[in-house]
Amino acid sequence: MRPAARILLVATLALTVLVSAALPALAHGRGSDATNYDSHVTEVPDIEDVQWRVYGGDEVLWVDNRSGEEIVVEGYADEPYLRIGPDGVWENGNSPATYVNRERFGQVPVPESADPDASPDWVQVSDQPRFAWHDHRIHFMGTGLHPRVTDVGARTQLQEWGVPVSVDGRDMEVLGELVWVPGPPWWPWLLVGLALALPALIGLRTQPAEGRWPGLAKPAAAVLWVVVAANAVFLVDALFAVPLPLLSQLFAALQTALFIGLGVFGAWRGWQAREGAFTALGVGSGALFVGQGLLLWSVLGASQLSTVFPDVVPRLVTGLNIAQVVPLGVVAFLGTQRLLPDLDEADEGQEPVDATS
């Protein structure tokens, strides 16, 4: 592959990584909500056709109100924060909770006009009777271990929580608890992933001919196609695993699609086994290793995953994304090194360029 093409591919990969790093707060469904914290509802108000649930381990509290009555959720100063009823969902613009609940750690500026003692300023945010939000009463607000977690290998109850609500003037409360649940060991998933990716090395005993090496490139490309297809798991999870606003889901899906797209490019060019095939294989493999492997590392060892599949599925795919870089990296390196002399010989007949002319 010509130097300009190599630079373009590397720049594309670097840009994709930067995009992924620049949008962590929106990247739900990409491992950001894989955790060992399990926050779950233990008691709900006695209202028919109303469901309460915590998604993402301890990420968001969700309610689906099909009762025909309007539920009012209170904020942190006992002010009305949400109205969820037959006509949809309304947020109180004067409630500080409206702003701090938009981000997992509450790192959102609250306007001075947000006064919990002021009359509610209701703004409709959905025409459906369901909503999910980052309620900070249900999870640990720190970034490290909860102070009560003294043994990461032991299940530990951390706190009980309550979210006050009212229906037609009747005060009620949604109750729950936050628990630390140890996750599985991470290394078996890497071993399984490596075993699945080893067929990429089948062509090592073949030889290049006339500037092409299909015997080496095609088995590796086939493995990369399998890895690419497996990553549809994360694309589905980005869109459906957590009921967050559509914009957040689309950003997560876009990030996943960018990495998958680079993998598709590498597998397609690798299968053609023409000039640049091995560089493309390396770029595709590297993109999946970084974007769908390292950035989702927490999926391997977390006990609480946000997925519509059995937990074994995203763990297996993540292990494959990480481990495949070893055999595919060997193929990309050997193929590039063996074919480089052919390109050098093609340039031997060219006259050197006088830089001073």
Side-chain angles (χ1 to χ4, degrees), residues 23-45 51-64 71 73-79 81-82 84 89 91 95-110 116 125 130-165 172-183 237-238 241-245 248-249 251-252 296-299 301-307 311 314:
L23 301 170
L26 297 172
H28 302 281
R30 285 192 45 80
S32 63
D33 36 23
T35 179
N36 286 338
Y37 292 105
D38 173 27
S39 187
H40 53 270
V41 175
T42 57
E43 185 177 338
V44 299
Q51 297 182 46
W52 297 87
R53 180 176 173 182
V54 177
Y55 279 92
D58 65 345
E59 188 80 9
V60 294
L61 180 62
W62 172 85
V63 60
D64 186 1
I71 297 175
V73 179
E74 294 183 6
Y76 305 114
D78 299 327
E79 81 282 9
Y81 157 50
L82 290 174
I84 306 163
V89 181
E91 278 185 327
S95 169
T98 293
Y99 308 95
V100 298
N101 285 359
R102 291 175 180 169
E103 200 269 331
R104 168 65 173 79
F105 295 102
Q107 302 300 312
V108 176
V110 178
V125 294
R130 66 186 72 90
F131 197 63
W133 67 97
H134 296 283
D135 198 302
H136 304 310
R137 289 165 286 210
I138 74 168
H139 53 227
F140 174 50
M141 292 294 287
T143 56
L145 286 177
H146 192 287
R148 292 188 179 180
V149 179
T150 58
D151 181 1
V152 295
R155 181 184 177 92
T156 307
Q157 185 176 16
L158 305 176
Q159 66 187 54
E160 295 181 343
W161 54 262
V163 175
V165 301
M172 306 177 181
E173 196 169 20
V174 180
L175 302 178
E177 63 176 357
L178 178 64
V179 181
W180 171 268
V181 182
D237 279 344
V242 179
L244 287 171
S248 296
Q249 293 173 314
F251 267 115
L296 303 183
W297 176 270
S298 59
V299 170
S303 60
Q304 312 300 312
L305 305 183
S306 295
T307 178
D311 288 352

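Residues satisfying the side chain to side chain contact (heavy atoms under 4.5 Å, CB included) criterion with Q159, sequence neighbours excluded, are H146, L178. With sequence neighbours excluded, the residues forming a side chain to side chain donor-acceptor pair (under 3.5 Å) with E79 are S95, listed by chain and number. Residues satisfying the salt bridge (charged side-chain N to carboxylate O under 4.0 Å, His left out) criterion with D64, sequence neighbours excluded, are R66, R130. Not counting sequence neighbours, the partners of A302 by the side chain to side chain contact (heavy atoms under 4.5 Å, CB included) test are A34, N36, L305. Scanning for side chain to side chain donor-acceptor pair (under 3.5 Å) contacts around N101 gives Y76, Y81, with sequence neighbours left out. Not a single ring pair (Phe, Tyr, Trp, His ring centres under 6.0 Å) links W161 to another residue, sequence neighbours left out. By the ring pair (Phe, Tyr, Trp, His ring centres under 6.0 Å) test, W52 is found to be paired with no residue, residues two or more places apart in sequence or in another chain being considered. Every residue two or more places apart in sequence or in another chain was checked for a side chain to side chain donor-acceptor pair (under 3.5 Å) with Y37, and none qualifies. Partners of V110 under the side chain to side chain contact (heavy atoms under 4.5 Å, CB included) rule, at least two apart in sequence or in another chain, are P96, Y99, V100, A114.
In terms of heavy-atom proximity, P116 sits nearest to A77 at CB-CB, 3.9 Å.
A donor-acceptor pair under 3.5 Å links the side-chain atoms of S39 to the main chain of I138, judged by distance alone. Here the side chain of R137 pairs a donor or acceptor atom with the backbone of G75 at under 3.5 angstrom. Listed for the T42 side chain is a donor-acceptor partner under 3.5 Å among the backbone atoms of L175. When atom types are taken as modelled, the side chain of S303 and the backbone of V181 share a donor-acceptor pair closer than 3.5 angstrom.
The closest side-chain heavy-atom distance from V174 to P45 is below 4.5 Å. Using a 4.5 Å heavy-atom threshold, the side chains of F105 and H134 count as separate. At a threshold of 4.5 Å between non-hydrogen side-chain atoms, the residues E74 and V165 do not count as touching.
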**OP:** Would you please test L158 and F140 for side chain to side chain contact (heavy atoms under 4.5 Å, CB included) and show each step?
**Re:** CA-CA 9 Å; L158 305 176; F140 174 50; 5.7 Å; no
**OP:** Please test E59 against H139 for side chain to side chain contact (heavy atoms under 4.5 Å, CB included), starting from the C-alpha separation and ending with a verdict.
**Re:** CA-CA 7 Å; E59 188 80 9; H139 53 227; over 6 Å; no
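Atom CG of D237 is separated from atom CD of Q249 by 11.0 Å, given to the nearest 0.5 angstrom. Separating the CZ atom in F131 from the CG atom in L244 is a distance of 9.5 Å, to the nearest 0.5 Å. With values rounded to the nearest 0.5 angstrom, I84 atom CD1 is found 6.5 Å from I71 atom CD1.
For residues 173-182, the pairs satisfying side-chain hydrogen bond (donor to acceptor under 3.5 Å, both in side chains) are H40-E177, Q157-E177, with sequence neighbours left out. Every pair tested for salt bridge (Lys or Arg N to Asp or Glu O under 4.0 Å) that includes a residue from residues 145-162 fails, sequence neighbours excluded, so the list is empty.
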